[in-house]
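Working notes, structure below.
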Amino acid sequence: MSQQARTVSADAKQGGIIDIKSLVLLAILLAAGFILNMTLGNALAIVGIKPQFIIAAYALAILLTDAGFVQAAIFAVISACVCQLTTSIPGLNFVTELCGALAMAALIKLPINVAGKSATPLVAAFVTTLLSGALFAVIGTLVMGAALGTVVVKVPLVLGTAVFNAVVVQALYFPLQKVLGK
């Protein structure tokens with residue numbers, strides 16, 4: 001029996017679902033998002049906006065890889081694992097990020113243009129963050145035993161975060177796309 005070296009290329013698909021380059025891209029974006037959450041995110045929380053750079057990170061990864069639903073779900077689970085390091089309600093991010101990532105995967109298929117320029121990253125990231133944040137607010141409120149009506153207090157925070165993330169994703173998408181040669 002002859003021994004032949006096994007090689008794995010960076011573009012090799014694992015079962016046709018996800019490639020190594022996509023995982024590396026997600027890891028880099030999540031690392032940056034985690035650091036930004038712990039530093040800039042905490043600093044901005046003082047003024048009432050709590051950016052969720054982890055959501056922006058997986059939203060960018062989904063956009064940049066043109067992820068389908070299975071790949072987006074994998075990105076969501078990995079992202080939720082990172083969220084467990086700082087979340088106030090352990091486990092909840094697995095639901096919220098999965099819903100957000102699947103929404104992102106669906107929305108990137110819709111070409112949304114404004115004045116001849118693509119606004120898909122902006123709109124998709126806004127909806128993704130809004131969905132994830134609203135689910136976290138509603139389910140988290142119920143899990144913590146508070147009255148559902150108290151979610152209203154969280155609406156400005158969720159909306160502000162969605163707007164902030166949408167702007168971040170829109171601003172970073174095209175430069176990152178060029179860097180990656182897409």
Side-chain angles (χ1 to χ4, degrees), residues 9-14 17-83 85-86 93 96-133 157-182:
S9 79
D11 293 326
K13 294 272 185 180
Q14 296 178 338
I17 296 172
I18 194 164
D19 60 51
I20 294 168
K21 280 172 68 172
S22 296
L23 288 174
V24 170
L25 174 64
L26 178 65
I28 291 167
L29 291 171
L30 285 175
F34 182 77
I35 292 166
L36 286 169
N37 268 355
M38 298 302 291
T39 56
L40 182 60
N42 287 338
L44 286 174
I46 296 168
V47 296
I49 296 175
K50 180 72 169 125
Q52 291 298 321
F53 292 106
I54 298 294
I55 298 172
Y58 74 70
L60 277 166
I62 291 168
L63 273 163
L64 291 165
T65 62
D66 193 27
F69 293 110
V70 173
Q71 186 172 349
I74 292 168
F75 284 1
V77 169
I78 294 168
S79 300
C81 287
V82 173
C83 289
L85 299 171
T86 60
N93 294 99
T96 61
E97 305 324 328
L98 180 61
C99 291
L102 292 176
M104 189 74 188
L107 290 168
I108 64 170
K109 307 302 184 209
L110 304 173
I112 303 166
N113 295 309
V114 175
K117 303 234 182 211
S118 176
T120 300
L122 180 83
V123 173
F126 176 80
V127 171
T128 295
T129 306
L130 186 64
L131 178 61
S132 176
L157 180 63
V158 172
L159 282 172
T161 301
V163 168
F164 186 91
N165 272 8
V167 171
V168 166
V169 169
Q170 180 74 29
L172 292 176
Y173 174 65
F174 295 106
L176 286 173
Q177 194 179 36
K178 285 184 181 181
V179 166
L180 296 171
K182 296 191 180 243

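All values below come from the heavy atoms of this structure, side chains included, with hydrogens, waters and symmetry mates left out. Each residue takes its place number in the sequence, starting with 1. Note that the coordinates shown come from a computational prediction; the quantities given were computed from them, not determined experimentally.
Applying the ring pair (Phe, Tyr, Trp, His ring centres under 6.0 Å) test to F53 and every residue at least two apart in sequence or in another chain returns F164. Remark: T128 pairs with no residue by the side chain to side chain donor-acceptor pair (under 3.5 Å) rule, at least two apart or across chains. Partners of S79 under the side chain to side chain donor-acceptor pair (under 3.5 Å) rule, at least two apart in sequence or in another chain, do not exist in this structure. In this view, A57 and L29, L30 satisfy the side chain to side chain contact (heavy atoms under 4.5 Å, CB included) rule, not counting sequence neighbours. Annotation: side chain to side chain contact (heavy atoms under 4.5 Å, CB included) contacts of D66 (sequence neighbours excluded): I108, K109. In this view, K178 satisfies the salt bridge (charged side-chain N to carboxylate O under 4.0 Å, His left out) rule with no residue, not counting sequence neighbours.
Using modelled atom types and a 3.5 Å distance limit, the side chains of Q71 and S22 yield a donor-acceptor pair. For the residue pair S132/E97, the side-chain donor-acceptor check at 3.5 Å is satisfied.
Within the 3.5 Å criterion, the main-chain N or O of L110 finds a donor-acceptor partner in the side chain of T120. With hydrogens and angles disregarded, no donor-acceptor distance shorter than 3.5 Å links the side chain of N93 to the backbone of C81.
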Inset, instruction - Kindly determine whether F126 and N165 satisfy side chain to side chain contact (heavy atoms under 4.5 Å, CB included), including the steps that lead there. - result: CA-CA 7 Å; F126 176 80; N165 272 8; over 6 Å; no
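Counting only heavy atoms from C-beta outward, the side chains of V123 and L107 never approach each other to under 4.5 Å.
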